[in-house]
Amino acid sequence: MSSSEGAPESWISSFCGMMGHEFFAEVSEDFIEDDFNLTGLQSQVPMYKEALEMILDVEPEEEDEDEEEEEEEEDEDEILGDDRPAFRRAGERRHARVASDLSVIESSAELLYGLIHQRYITSRPGIQQMLEKLEMGHFGSCPRVYCNGSRPVPVGLSDTPGQQTVKLYCPSCQDIYTPPNSRFHSVDGAFFGTTFGCLFFMTFPDLDVAPRPVDNPLSPVRASPAGTPREPQPTEINGVRTASFAAGLGPGRVYEPKIYGFKVSDRSRSGPRMKWLRMKPVEIRELDEMTRYESQHPLADREGDMDMGAGAAQNAAIARRKKAPMRRRRYNTNPGMNGGEGL
């Protein structure tokens, strides 16, 4: 394959352009050429050097020497005729070995690129490239109905190759799913790793994870279940936008089985016994742990500690820590003080 300018397509572009590899980002050659980014991969990939040369489209160094040796052998065969069959058989064996190793090098190159890709997407340029792919819809949408088309990201359940295939992590319901399209079912999840999913949304806290309908319980102003208006909710708690926190969960976002319009009991075998896994507080302020702690521990309960001052409180704590081991040492060194005998 060749690009529009006529230049041959690189191995990385060809690999990422294959069907089923739409989730992959194109790792820059500068990242691959930095030995620090490849630390520890040599022991995990067979034929590491050859695989790395294939990824970077580097010609093997011994190729020219092999061609010269073959030309010399051909010249000798022409001069000596059939008296030198051993050299011809050696050349044929070498060609057969190279042909058989090519498939091994190709599979090793895919494994090596996947492990490099796992590290690249956690770097600044890599995570920015994955953001662009998310905005263009390369990862699809969450299959859960109540997530309203939330945009997930690919993640892995293990950092070790060959354990699990790639999954999709949805920030709206905070759950993972198998990709609906079967062409992704053969992609190794280790090529995306266990770190990327959470790191991605921590890097972009202002990202709208899902379209929010009018009755979304996380909207800044909403009505209570009884219909009475509630006070405006905070737009941000601890640096996280409340509108993007589990947008697909909460009241009205959990499926409730019904029979002829009547809700099925939670104790029923077919009832939503695990519904609590998808619940969240109606009042978003309950997630603010600092505010909740201050409400449960009024200032009057802490006046004694505050009056002591920071230095006095610290000295008192140090004194308490010093006294306990001293008492234990006195008891151990004088076991007969309490009328007992030493052990």
Side-chain angles (χ1 to χ4, degrees), residues 1 9-29 31-32 37-38 40-48 50-52 54-57 102-123 125-144 147 149-201 203 209:
M1 297 180 63
E9 188 177 20
S10 64
W11 185 95
I12 297 176
S13 300
S14 177
F15 177 82
C16 296
M18 296 174 61
M19 181 176 294
H21 291 180
E22 290 83 358
F23 291 171
F24 286 92
E26 292 192 13
V27 182
S28 63
E29 294 186 358
F31 185 88
I32 300 176
N37 299 324
L38 308 183
L41 297 183
Q42 187 171 2
S43 60
Q44 302 182 42
V45 180
M47 304 187 73
Y48 171 83
E50 293 79 0
L52 185 60
M54 177 174 288
I55 292 175
L56 297 175
D57 298 317
L102 186 60
S103 60
V104 179
I105 297 175
E106 181 69 27
S107 60
S108 297
E110 295 179 359
L111 174 60
L112 178 59
Y113 182 81
L115 295 176
I116 296 174
H117 181 270
Q118 176 194 130
R119 302 180 178 185
Y120 176 72
I121 59 178
T122 58
S123 64
I127 207 168
Q128 183 67 35
Q129 189 173 346
M130 295 296 279
L131 174 63
E132 297 174 359
K133 296 176 71 67
L134 175 75
E135 294 175 344
M136 291 187 291
H138 289 187
F139 307 138
S141 59
C142 178
R144 186 170 178 269
C147 286
S150 173
R151 295 171 294 180
V153 294
V155 296
L157 299 181
S158 174
D159 293 328
T160 304
Q163 300 294 327
Q164 292 282 347
T165 57
V166 66
K167 308 297 180 185
L168 292 175
Y169 169 71
C170 174
S172 178
C173 58
Q174 297 185 351
D175 211 340
I176 59 173
Y177 301 91
T178 300
N181 199 320
S182 60
R183 64 184 177 184
F184 301 112
H185 294 176
S186 59
V187 179
D188 201 317
F191 296 166
F192 298 88
T194 58
T195 302
F196 168 71
C198 295
L199 181 63
F200 179 84
F201 292 104
T203 306
V209 299

Tell me whether [X] contacts the main-chain N or O of [Y] through its side chain, where contact means a donor paired with an acceptor under 3.5 Å.
X: Q118; Y: A190; value: yes
X: Y113; Y: V27; value: yes
X: H117; Y: A25; value: yes
X: E22; Y: G20; value: yes
X: S108; Y: P46; value: yes
X: N37; Y: I116; value: no

**Request:** In sequence, state the C-alpha distance, the side-chain angles, and the governing distance for I55 and I12, and then conclude on side chain to side chain contact (heavy atoms under 4.5 Å, CB included).
**Result:** CA-CA 6 Å; I55 292 175; I12 297 176; 4.0 Å; yes

**Request:** Could you tell me how the ring of F23 sits relative to the ring of F192: parallel (under 30°), tilted (30 to 60°) or perpendicular (over 60°)?
**Result:**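 If you compare the ring of F23 with that of F192, the planes turn out perpendicular.
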
**Prompt:** What class does the angle between the rings of H21 and F15 fall in, given that below 30° is parallel, 30 to 60° is tilted and above 60° is perpendicular?
**Reply:**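 If you compare the ring of H21 with that of F15, the planes turn out tilted.
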
**Asked** Hey, does E106 have a side-chain heavy atom less than 4.5 Å from the side chain of W11?
**Response**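 Yes, their side chains come closer than 4.5 Å.
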
**Request:** List the atom of C170, the atom of Y177, and the distance in Å for their closest heavy-atom pair.
**Result:**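 Looks like CB-CE1, 4.2 Å.
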
**Item:** Heavy-atom pair of closest approach, residues P152 and L168
**Value:**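 Looking at all heavy atoms of both residues, the closest pair is CB-CB, 4.0 Å.
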
**Message:** Tell me if the CE atom of M136 is crowded by more than 12 foreign heavy atoms within 6.0 Å.
**Reply:** yes

